[in-house]
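Notes follow the structure.
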Amino acid sequence: MTTDVTGASPWFALGEDHQLILEQVERFAKDRFWPLQARMDDDEWWPEDAFPVLGEAGYLGCTVPQEFGGAGLDFFTSALVLQAVSKWNPSVGLGILAHENLCLNNILHNASPELCERYVPGMCDGTIVGALGLTEPGAGSDALGSMRTTARRDGDDYVLNGTKLYITNGPIADVVLVYAKTSPDKGAHGITAFAVDTDAPGFAVAQKMIKMGMRGSQTAEIVFEDCRVPVANVVGEVDKGVRVVMSGLDLERIGLAFMMIGMCERALELSVDYAKSRQQFGQAIGQFQFVQGMVADIYAETESLRAFCYQVGAEVNGIAHGASREHVSKRAAAVVLQAGLVLMRCVDRAVQIHGGAGYIWEMEVNRLYRAGKLLQIGAGTNEVRRIIIARELLGR
Ligand SMILES: Cc1cc2nc3c(=O)[nH]c(=O)nc-3n(C[C@H](O)[C@H](O)[C@H](O)COP(=O)(O)OP(=O)(O)OC[C@H]3O[C@@H](n4cnc5c(N)ncnc54)[C@H](O)[C@@H]3O)c2cc1C
């Protein structure tokens, strides 16, 4: 039994269309994905029909023009989808983020019309699953500078060699947007993006990675051994891959922050329910001021995060209308940094309110706690986020 304890506040700053979509996706995610949480976490299982089901409901490719099979809506709407889904199943939220923000959008905005035709409609209806391959064993925070994966031109193909690590959706993807060095002597300015079909010869999933949280989300190490990719699969211009990475990164960070609103909301609901139902010393633990304080803090922090996220989300809707990239990068890094800090404080309090029960693996609050930590690491760690903000404030 859960309680909507957020009252009227979820609708703060939202227009009617955004409100409706948020409500609709929440109902859908609670119905379809909440019941799968436990199995996904216990067995590291991904429901095979998750993407087609999301596609059929119209929740993939929110920002994709209708002629490519998308909904033609704004970025804010796609972020609300992430918020609503992640509240009821953070692993599914992460899968959508990797598919849509990291892969689909970058293909749509940078690839040739032929590649868009080939991939985008299927990615909108969920029959093609996407992933992003950037991180490597020796290239994490310094993903571009330390990249070792290479792509050598050979006739009408490029031949890729290298390893990519921690790739979300890697074990289930049909296409991976891969970054590789085409001009190794040019450093970060010699990187190219490729759309690589996972049935290409020389592509392999080396291992599925076992994680502490977000366990339903599938994560892989992938390898390229003389993997042949047609020249036509270059996304953007040769040696201009940095432009492709950078074009999507800010939106990814904001999407991640919206995911965390949903997770904080859920931490609050679980905490309130438990505080009302758990009896100690002859009364509900919610009658004790220490517990009341923790509940109040989760609420206050969640609402302040929501306000900041919605503000930045609205600003980013305006990227196309002239907001400078530097401004947006600083704001995106700040909102995801703040979201990660708030989320971990909220889930920590939520586990504390649950006492010993919160420490038990199968409890939803325990899953939230384990899932939350990733969101201070992926898409740039807290430290990298701080570096970006400070660079914009203080200069290089
Ligand atoms: C579950 C999961 C899913 C992921 N999904 C994807 C994906 O789909 N695609 C993809 O390409 N990648 C993905 N990643 C990779 C993720 O983006 C990286 O893990 C992250 O960028 C950090 O890189 P790293 O793990 O190599 O850590 P490192 O870069 O090795 O960092 C280790 C520590 O050093 C700190 N540090 C590093 N450099 C600095 C510095 N200059 N100043 C201060 N501190 C510093 C870091 O903040 C961190 O605390 C995923 C990771 C995980 C765990």
Side-chain angles (χ1 to χ4, degrees), residues 40-41 44 46 82 86 90-107 129-149 160 162-180 188 191 193-196 198 205-224 235 241-242 244-246 248-253 255-256 259-260 332-333 336-337 340-341 344 367 370-391 394 396:
M40 288 174 69
D41 190 64
E44 296 234 323
W46 177 262
L82 288 171
S86 302
S91 287
V92 175
L94 184 64
I96 298 173
L97 182 91
H99 171 81
E100 182 159 316
N101 282 50
L102 307 185
C103 187
L104 166 56
N105 285 347
N106 284 338
I107 288 179
V129 176
L132 166 90
L134 176 64
T135 305
E136 299 182 359
S141 298
D142 184 25
L144 299 172
S146 300
M147 187 177 290
R148 300 281 295 273
T149 299
L160 271 62
T163 301
K164 299 286 179 183
L165 201 60
Y166 312 135
I167 305 309
T168 302
N169 293 342
I172 55 169
D174 301 292
V175 58
V176 184
L177 185 63
V178 177
Y179 292 86
I191 291 171
F194 298 88
V196 179
T198 55
V205 173
Q207 58 164 325
K208 181 176 139 174
M209 313 197 81
I210 308 301
K211 306 193 296 299
M212 72 180 253
M214 295 280 192
R215 287 163 52 83
S217 162
Q218 304 292 293
T219 313
E221 175 183 354
I222 57 182
V223 293
F224 307 90
V235 174
V242 170
V244 181
V245 182
M246 291 307 176
L249 212 55
D250 295 330
L251 300 187
E252 177 198 354
R253 292 191 171 126
L256 212 61
M259 284 178 64
M260 292 190 252
V336 75
L337 170 66
L341 297 172
M344 284 315 288
R367 251 178 253 135
R370 287 185 277 112
K373 186 60 197 168
L374 171 66
L375 304 179
Q376 296 190 333
I377 296 170
T381 61
N382 275 1
E383 293 68 41
V384 167
R385 297 166 191 178
R386 289 187 175 106
I387 289 169
I388 294 165
I389 299 164
R391 194 188 288 150
L394 303 171
R396 276 150 219 272

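Fair warning: this is a prediction, and the values are worked out from it, not measured in the lab. Read the numbers this way: they start at 1 and go in the same order the structure lists the ligands and their atoms. Position 1 is the first residue of the sequence; numbering continues from there.
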Gln376 side chain to Glu383 backbone, donor-acceptor under 3.5 Å: no
Reported CD-to-CD distance for the pair Glu221 and Glu136, which is rounded to 0.5 angstrom: 11.0 Å
Measuring from Thr168:OG1 to Leu374:CG, what's the distance to the nearest 0.5 Å? 7.0 Å
Does Lys164 use its side chain to pair, donor to acceptor, with the backbone of Tyr179 at less than 3.5 Å? yes
Amino acids in close contact with ligand 1, where any non-hydrogen atom sits under 4.0 angstrom away: Leu132, Leu134, Thr135, Gly140, Ser141, Tyr166, Ile167, Thr168, Lys211, Leu374, Ile377, Ala379, Thr381, Glu383, Ile387
Would you list the atom pairs, donor with acceptor, under 3.5 Å between side chains in residues 98-106 and any protein atom, with sequence neighbours excluded?
unit_1, atom_1, unit_2, atom_2, d
His99, ND1, Gly130, N, 2.9
His99, NE2, Met123, O, 2.9
Glu100, OE1, Gly61, N, 2.7
Asn101, ND2, Leu251, O, 3.2
Asn106, ND2, Leu102, O, 3.1

From Lys211 NZ over to Thr219 OG1, what is the distance, rounded to the nearest 0.5 angstrom? 3.0 Å
